[in-house]
Amino acid sequence: MTAAGAIRTSCPGPWGPFHVAVTTRGIVAIEWWTTEEAFEASVRRRIGEPLAPADEARPGDPRLAELSVAISAIESVLAGRPIRTPVRFDLEDRPGWDRRVLEAVAAIPCGRTASYGEIARRIGAPRAARAVGGAVGRNPISLLIPCHRVIAADGTIGGYGGDGWGSREERLTIKRALLECEGVRLVDERTASGVA
């Protein structure tokens with residue numbers, strides 16, 4: 001099922017602009033470290049239709065309200081604050097497994113973390129931590145489905161952002177910054193691996 005007429009906009013962020021696309025069902029995509037053209041092409045491949053610029057939407061269009069909620073939520077997460085207004089996600093194009101995982105990730109509160117194994121247990125698949133990691137890496141709504149709050153079982157940082165943007169070190173630097181902003185302290189990887 002395709003998204004119901006997506007619109008897009010961009011907002012400023014600490015690592016460059018955040019590109020946001022919404023439908024009448026909710027947020028369908030958020031990306032950064034990409035061009036507007038690449039973002040639009042990526043979302044178009046997923047939903048099977050072009051995105052219209054938000055400034056072409058008519059006043060009163062419900063997608064504008066979804067966009068406003070999305071921008072406000074992005075600002076809250078970047079400030080390390082809980083999101084106050086309920087956020088809706090449009091994951092219609094995602095496989096059922098990914099939707100289950102991403103819904104569990106979306107439920108992790110600000111300032112908290114969960115391991116891949118914990119997420120697997122929460123969705124009734126306790127031996128599927130690796131598969132959870134795959135679904136988290138395919139998260140199309142970065143930041144607001146807070147995959148930065150998913151860490152390794154030993155309390156270390158784990159991974160972040162799949163392979164789509166930046167180097168591994170750059171992605172992990174952003175993940176650390178997001179978690180620190182929320183007051184999360186991670187286990188030192190050298191201590192966890194027995195190196196002092």
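Just the heavy atoms: all of them, side chains too, but no hydrogens, waters or symmetry mates, feed the values below.
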Is it the case that the side chain of Arg94 and the backbone of Arg99 share a donor-acceptor pair, with hydrogens and angles ignored and the cut-off at 3.5 Å? no
Heavy-atom donor-acceptor pair, Ser72 side chain to Ser68 backbone, under 3.5 Å: no
Heavy-atom closest pair, residues [X] and [Y]:
X: Ala57; Y: Arg63; value: CB-NH2, 4.3 Å
X: Gly80; Y: Cys110; value: O-SG, 3.5 Å
X: Thr156; Y: Ile151; value: O-CB, 3.2 Å
X: Leu172; Y: Ile157; value: O-CD1, 3.7 Å
X: Val187; Y: Asp154; value: CG2-O, 3.6 Å
X: Val28; Y: Arg46; value: O-NH1, 2.9 Å

Looking at Ile30, Thr34, Ile71, Thr9, which hits side chain to side chain contact (heavy atoms under 4.5 Å, CB included) with Phe18? Ile30
Partner residues of [X] under the side chain to side chain donor-acceptor pair (under 3.5 Å) criterion, sequence neighbours left out:
X: Glu36; result: Arg8
X: Arg44; result: Glu40
X: Arg88; result: Glu66

Distance check, rounded to the nearest 0.5 Å: Trp15 atom CH2 versus Leu178 atom CG? 4.0 Å
Taking side chain to side chain contact (heavy atoms under 4.5 Å, CB included) as the definition, give me every residue that meets it alongside Pro62, ordered by chain and number, with sequence neighbours left out. Thr24
Can you label the angle between the Trp32 ring and the Tyr160 ring as parallel, tilted or perpendicular, going by 30° and 60°? tilted
Do Asp98 and Leu91 have side-chain heavy atoms sitting under 4.5 Å apart? no
Could you walk me through whether Leu64 and Ile7 pass the side-chain contact (heavy atoms from CB on, under 4.5 Å) check? CA-CA 8 Å; Leu64 292 173; Ile7 61 171; 4.0 Å; yes
Chi angles and distances behind the side-chain contact (heavy atoms from CB on, under 4.5 Å) call for Leu144, Ile83: CA-CA 9 Å; Leu144 297 189; Ile83 297 169; 4.0 Å; yes
Sequence neighbours excluded and cut-off under 3.5 Å, please list the side-chain donor-acceptor pairs for residues 111-127, or say none.
from   : atom 1 : to     : atom 2 : distance (Å)
Ser115 : OG     : Gly117 : N      : 3.4
Ser115 : OG     : Glu118 : N      : 3.0
Ser115 : OG     : Glu118 : OE2    : 3.4
Glu118 : OE2    : Ser115 : N      : 3.1
Arg121 : NH1    : Gly117 : O      : 3.4

Stepwise side-chain contact (heavy atoms from CB on, under 4.5 Å) check, Arg171 with Trp33: CA-CA 10 Å; Arg171 293 189 307 267; Trp33 277 33; 5.8 Å; no
Test log, rule side-chain contact (heavy atoms from CB on, under 4.5 Å), inputs Ile141 and Leu102: CA-CA 9 Å; Ile141 306 174; Leu102 296 175; over 6 Å; no
In chain order, what residues pass the ring-ring contact (aromatic ring centres under 6.0 Å, His included) check against Phe39, with sequence neighbours excluded? His19
